[in-house]
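Notes follow the structure.
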Amino acid sequence: MAIQNRYEFLYYVACTNANPNGDPDMGNTPRMDPQTMQGYITDVATKRRIRNYVETAYGDRPGMGIMIQQGTNINRHIASAKRAAQVEECAKTTEAVYKGRQKACEMFYDVRTFGAVMSTGPNAGQVRGPVQITFGKSMDPILPLDISITRMAIADSVKGETVEAYLEDEKKRDVDALRTMGRKQLIPFGLYEVRGFISANLAAETGFDQEDLRILFEAILNMYEHDHSASKGEMSVVSPLILFRHVGTDTDERQRIRQAKLGCAPAHKLFELVKVAKKPGVEVPRSYRDYDAAIDLKHIPEGVEVGFQTYAGIAWGKLPEDENWFHEA
């Protein structure tokens with residue numbers, strides 16, 4: 001059964017001496033707001049890492065395929081969904097498109113989670129996903145650095161491209177000619193807040209259920225642990241996943257279920273209950289521990305529950321005891 005509650009969530013990502021999300025139009029420099037100098041992490045970058053984790057951890061399970069994979073043609077996955085739905089891949093009738101769309105939601109985790117545009121090629125229509133994630137935004141201005149590095153080897157082609165040809169070319173060159181220069185883009189530190197929304201109404205259309213929800217939360221907490229590289233070596237989700245679950249207030253069960261799906265408070269009011277700011281005396285933060293964070297549990301609206309997802313699981317209405325980074329206001 002699809003989830004029956006609306007959710008909002010947010011979490012914090014720390015980036016230390018790394019490039020959180022490079023802009024290819026700007027020489028891969030970290031993305032930022034030119035007016036405030038605050039950094040960005042795009043929703044696409046976040047979803048990519050969630051997909052990668054799900055594929056790594058659950059890719060062998062039925063229904064846990066990933067449609068948007070690196071170096072693949074999406075149309076192939078659309079065609080496979082229509083074939084599994086027992087309709088012709090090239091059929092463009094309303095029924096064929098609908099069946100392909102439905103089967104794609106069953107087969108691919110990212111389709112029933114984030115949605116997909118599948119109106120290309122074989123055509124399985126479009127899916128609006130129940131999970132939407134915003135651009136991550138740094139709490140303070142970031143300092144992009146462009147650092148020169150020396151590469152102690154080159155990668156030039158030579159005629160013939162045999163081992164002997166390369167050895168002969170190396171003998172003819174000066175040692176300095178066998179080195180080259182490169183560049184790295186990074187920021188010394190940034191703490192990014194990322195917000196998300198989960199619609200129970202859209203989940204009913206894609207079949208996004210409680211197990212999918214559990215895997216989503218698990219993937220968010222772990223996604224950077226399996227994405228370490230030279231450019232993203234020190235990126236981590238450093239907070240619990242803060243969850244707002246709408247449960248309703250009405251004494252009538254049917255009305256309460258309706259409220260739980262539609263929500264009992266606007267999302268921006270819930271996010272405002274979380275306060276994060278630099279500790280007194282800290283001018284240039286270099287760690288998430290340079291911040292104070294508070295959650296106003298006393299003013300949670302009626303019909304909404306707050307939860308804290310950690311590696312140990314979800315604690316509803318209770319702050320995590322093992323990590324004192326968040327505390328009650």
Side-chain angles (χ1 to χ4, degrees), residues 8-22 30-33 36-41 45-46 49-50 53 133-145 147 184-196 217-244 270-300 306-329:
E8 280 82 38
F9 63 86
L10 73 160
Y11 60 92
Y12 293 84
V13 176
C15 176
T16 305
N17 295 328
N19 186 347
N21 187 204
R31 299 178 190 270
M32 65 179 182
D33 184 326
T36 66
M37 300 296 286
Q38 289 172 283
Y40 286 127
I41 299 175
T46 299
R49 281 154 186 81
I50 293 173
Y53 178 83
I133 297 175
T134 66
F135 275 31
K137 187 177 181 180
S138 68
M139 304 305 298
D140 291 286
I142 60 171
L143 177 63
L145 299 178
I147 298 175
K184 276 186 175 291
Q185 290 75 30
L186 56 85
I187 62 172
F189 179 77
L191 182 68
Y192 291 76
E193 180 183 273
V194 186
R195 300 177 175 184
F217 294 158
E218 177 187 323
I220 289 173
L221 289 176
N222 289 279
M223 59 184 174
Y224 288 111
E225 302 306 317
H226 299 269
D227 191 53
H228 295 303
S229 65
S231 65
K232 293 179 176 61
E234 290 189 71
M235 290 189 68
S236 299
V237 176
V238 293
S239 72
L241 190 58
I242 305 168
L243 311 173
F244 297 100
L270 299 176
F271 292 137
E272 286 174 359
L273 297 172
V274 182
K275 307 291 185 182
V276 176
K278 290 182 293 186
K279 289 181 177 179
V282 175
E283 294 186 10
V284 182
R286 284 295 182 264
S287 167
Y288 73 92
R289 298 185 185 278
D290 290 334
Y291 288 85
D292 274 326
I295 303 174
D296 187 359
L297 295 178
K298 298 177 181 178
H299 293 91
I300 301 296
V306 62
F308 305 90
Q309 170 80 56
T310 66
Y311 286 100
I314 299 178
W316 291 104
K318 182 182 178 183
L319 292 163
E321 298 177 356
D322 60 333
E323 184 64 61
N324 196 31
W325 191 58
F326 285 95
H327 53 85
E328 186 174 354

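Interatomic distance, OG of S236 versus NE2 of H228, reported as 5.5 Å (0.5 Å rounding). Atom CG of residue L145 and atom CG of residue N19 lie 10.5 Å apart, to the nearest 0.5 angstrom. One distance of note links CD1 of I220 with OG1 of T46; it measures 8.5 Å at 0.5 Å rounding. Going from atom CZ of F244 over to atom CD of E8 covers 8.0 Å, rounded to the nearest 0.5 Å. Here the straight-line distance linking atom CD1 of I295 with atom CD1 of I242 works out to 4.0 Å at 0.5 Å rounding. Atoms OG1 and OH, on T134 and Y40 in that order, are 10.5 Å from each other to the nearest 0.5 Å.
Between P280 and D292 the shortest side-chain heavy-atom distance falls below 4.5 Å. With contacts defined as side-chain heavy-atom distances shorter than 4.5 Å, the pair P144/Q185 does not qualify. A 4.5 Å side-chain heavy-atom check between N222 and E218 finds at least one atom pair inside the cut-off. Under the 4.5 Å side-chain criterion, counting only non-hydrogen atoms from C-beta, V282 is not in contact with Y291. In this structure, the side chains of R49 and I41 stay at 4.5 Å or more apart for every pair of heavy atoms. Side chains of F9 and Q309 form no contact here, defined as non-hydrogen atoms less than 4.5 Å apart. Taking 4.5 Å as the limit, every side-chain heavy atom of D33 sits out of range of all side-chain heavy atoms of F135. In this structure, the side chains of V194 and V237 stay at 4.5 Å or more apart for every pair of heavy atoms.
The shortest heavy-atom contact between V238 and A14 is CG1-CB, 3.7 Å. Closest of all the heavy-atom pairs between M235 and Y224 is O-CB, 3.2 Å. Across every non-hydrogen atom of M139 and Y12, the tightest pair is SD-CE2, 3.9 Å. Closest approach of G39 and I142 over heavy atoms only: CA-CD1, 3.6 Å. A pairwise comparison of heavy atoms in N17 and L186 identifies C-CB, 4.2 Å as the closest pair. I187 and Y192 get closest at one heavy-atom pair: CD1-OH, 3.6 Å.
Evaluated for a side-chain contact (heavy atoms from CB on, under 4.5 Å) with D140, the options M37, K278, Q38 yield exactly one hit, K278. A side-chain contact (heavy atoms from CB on, under 4.5 Å) with L273 holds for exactly one of D296, L297, V306; it is D296.
Proximity of a side-chain donor or acceptor of T310 to a complementary backbone N or O of A312 within less than 3.5 Å is detected. Here the side chain of K279 pairs no donor or acceptor atom with the backbone of P285 at under 3.5 angstrom. No donor-acceptor pair under 3.5 Å is formed between the side chain of E193 and the backbone N or O of K137. Side-chain N or O atoms of Y311 include one that pairs as donor or acceptor with a backbone N or O of L221 at under 3.5 Å.
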Test Y53 against D227 for side-chain contact (heavy atoms from CB on, under 4.5 Å), laying out the working first. CA-CA 9 Å; Y53 178 83; D227 191 53; over 6 Å; no

Test I50 against I133 for side-chain contact (heavy atoms from CB on, under 4.5 Å), laying out the working first. CA-CA 11 Å; I50 293 173; I133 297 175; 3.8 Å; yes

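Scored by the ring-ring contact (aromatic ring centres under 6.0 Å, His included) test, F189 finds no partners at all (sequence neighbours excluded).
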